[in-house]
Amino acid sequence: MSEKYRSPLLTTDIIIEVSDRGIVLIERKNPPHGWALPGGFVDYGESIEKAAVREAKEETSLDVVLTEQFYTYSDPSRDPRHHTVSTVFIAAAEGEPRGADDAKAARLFHEKDLLSPLVFDHGRILRDYFAFKKTGQRPKP
C-alpha cells in the first residue's frame, strides 16, 4: 500500500526596503499571530515574481519593484501549518505601508527595532538579510 502523494506548498516572502527608512513587516491577522515579512502562496498559473509583487501590494498597499532574488528557504518545519518552500525577494518601494488583506498592520523597522515574535522562520531570514547587507554574503545551502 503506498502513501498518498504530497508535495510542499510554494510561497514567496518579500523584504521591502523603503529608501533609508527601513524594511516593512506586517502584523498577521490570522494564526500564527505575530510579525512577519509580507508574502504568501503562489497561485496556480502565477510566477513567483508576480506572486511576490501581488502579495506585497495586498498586504502593505505598496507598489514594489523586485530588485533581486535573495534565497530560497525550504526547512520542512519553517511553517507550523504545512511544509512550504519560500523564495525570498528583496524589493524597493516608496511611500507609507498600510496593513491590508490579512495584515492587521504594516510598519517600517530597522534591524535594531525588530519586534517579537517573528513568525515562521522570518527571524532567520532577517538575520541572513542583515548579514548579507553588511558582508555581501548570501546564506550557504
Side-chain angles (χ1 to χ4, degrees), residues 1-111 113-141:
M1 190 170 234
S2 66
E3 287 186 37
K4 181 182 172 191
Y5 177 78
R6 297 187 318 169
S7 60
L9 301 171
L10 186 57
T11 65
T12 185
D13 292 298
I14 311 95
I15 300 167
I16 304 171
E17 301 172 331
V18 181
S19 304
D20 60 350
R21 296 174 47 219
I23 61 161
V24 179
L25 293 180
I26 62 160
E27 184 178 13
R28 291 178 48 83
K29 275 186 194 174
N30 303 313
H33 296 285
W35 290 87
L37 291 165
F41 294 97
V42 177
D43 292 336
Y44 187 82
E46 181 179 47
S47 71
I48 297 172
E49 295 84 358
K50 285 197 187 302
V53 171
R54 174 183 53 78
E55 286 287 347
K57 178 72 170 182
E58 287 175 1
E59 294 184 348
T60 70
S61 306
L62 294 172
D63 293 310
V64 301
V65 174
L66 301 181
T67 57
E68 60 187 298
Q69 183 175 321
F70 179 57
Y71 195 73
T72 298
Y73 293 82
S74 62
D75 183 329
S77 64
R78 67 176 302 274
D79 183 333
R81 302 167 300 175
H82 14 244
H83 181 181
T84 62
V85 174
S86 184
T87 297
V88 178
F89 289 93
I90 299 173
E94 294 298 326
E96 203 58 44
R98 285 183 292 110
D101 193 35
D102 57 355
K104 212 177 358 178
R107 290 186 28 209
L108 292 169
F109 294 91
H110 290 281
E111 181 178 15
D113 304 322
L114 295 176
L115 296 176
S116 269
L118 290 172
V119 296
F120 310 119
D121 61 348
H122 292 188
R124 175 184 174 199
I125 293 170
L126 287 170
R127 281 190 303 277
D128 290 347
Y129 163 77
F130 288 118
F132 168 69
K133 292 306 264 186
K134 291 172 189 160
T135 67
Q137 299 220 353
R138 294 181 190 276
K140 299 248 187 272

Task: Nearest atoms (heavy-atom pairs only) where A36 meets V119 - done: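 Minimum heavy-atom separation between A36 and V119: CB-CG2, 3.6 Å.
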Task: Nearest heavy-atom neighbours spanning G95 and L62 - done: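 That would be C-CD2, 4.1 Å.
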Would you say [X] and [Y] make side-chain contact, with heavy atoms under 4.5 Å?
X	Y	answer
L108	V24	yes
K57	V64	no
Y71	P141	yes
H83	P76	yes
R107	P97	no
D128	V88	no
P139	F70	yes

How long is the span from the [atom1] atom in [X] to the [atom2] atom in [Y], to the nearest 0.5 Å?
X	Y	atom1	atom2	answer
I23	I14	CD1	CD1	12.0 Å
I26	E59	CD1	CD	4.0 Å
R21	E96	CZ	CD	4.5 Å
R28	F120	CZ	CZ	4.0 Å
L37	I125	CG	CD1	5.5 Å
W35	H122	CH2	NE2	14.0 Å

Task: Partners meeting side chain to side chain donor-acceptor pair (under 3.5 Å) with Y129 (sequence neighbours left out) - done: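 If we apply the side chain to side chain donor-acceptor pair (under 3.5 Å) test to Y129, skipping adjacent residues, the hits are E17.
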Task: Chi angles and distances behind the side chain to side chain contact (heavy atoms under 4.5 Å, CB included) call for H82, R6 - done: CA-CA 11 Å; H82 14 244; R6 297 187 318 169; over 6 Å; no
Open item on the list: Does F130 form a side chain to side chain contact (heavy atoms under 4.5 Å, CB included) with L114? I'd like the steps, not just the answer.
Closed with: CA-CA 12 Å; F130 288 118; L114 295 176; 4.0 Å; yes
Open item on the list: I'd like to know if D75 and R124 make a salt bridge, using a cut-off of under 4.0 Å between side-chain N and carboxylate O.
Closed with: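 Not counted as a salt bridge, because no side-chain N and carboxylate O are separated by less than 4.0 Å.
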- [ ] Look at E46 together with R54 and state whether they make a salt bridge at an N to O cut-off of under 4.0 Å.
- [x]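 R54 and E46: salt-bridged.
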Open item on the list: Under 3.5 Å, is there a donor on one side chain and an acceptor on the other for D13 and Y73?
Closed with: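 Note: D13 and Y73 side chains miss the donor-acceptor criterion.
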Open item on the list: Is it the case that the side chains of T12 and T87 hold a donor-acceptor pair, with the cut-off being a distance below 3.5 Å and no angle test?
Closed with: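 Per modelled atom types, T87 and T12 side chains form no pair under 3.5 Å.
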Open item on the list: For D101, is there any backbone N or O sitting under 3.5 Å from a side-chain donor or acceptor partner on K29?
Closed with: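 Answer holds: yes.
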Task: Backbone N/O of V85 and side chain of T11: donor-acceptor pair under 3.5 Å - done: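 The answer is yes, because a donor-acceptor pair under 3.5 Å joins these two groups.
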Open item on the list: Taking atom CZ as the centre, does R81 end up with more than 12 heavy-atom neighbours from other residues, nucleotides or ligands that are less than 6.0 angstrom away?
Closed with: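 Yes, enclosed.
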Task: Evaluation steps, side chain to side chain contact (heavy atoms under 4.5 Å, CB included), between L118 and L126 - done: CA-CA 10 Å; L118 290 172; L126 287 170; 4.1 Å; yes
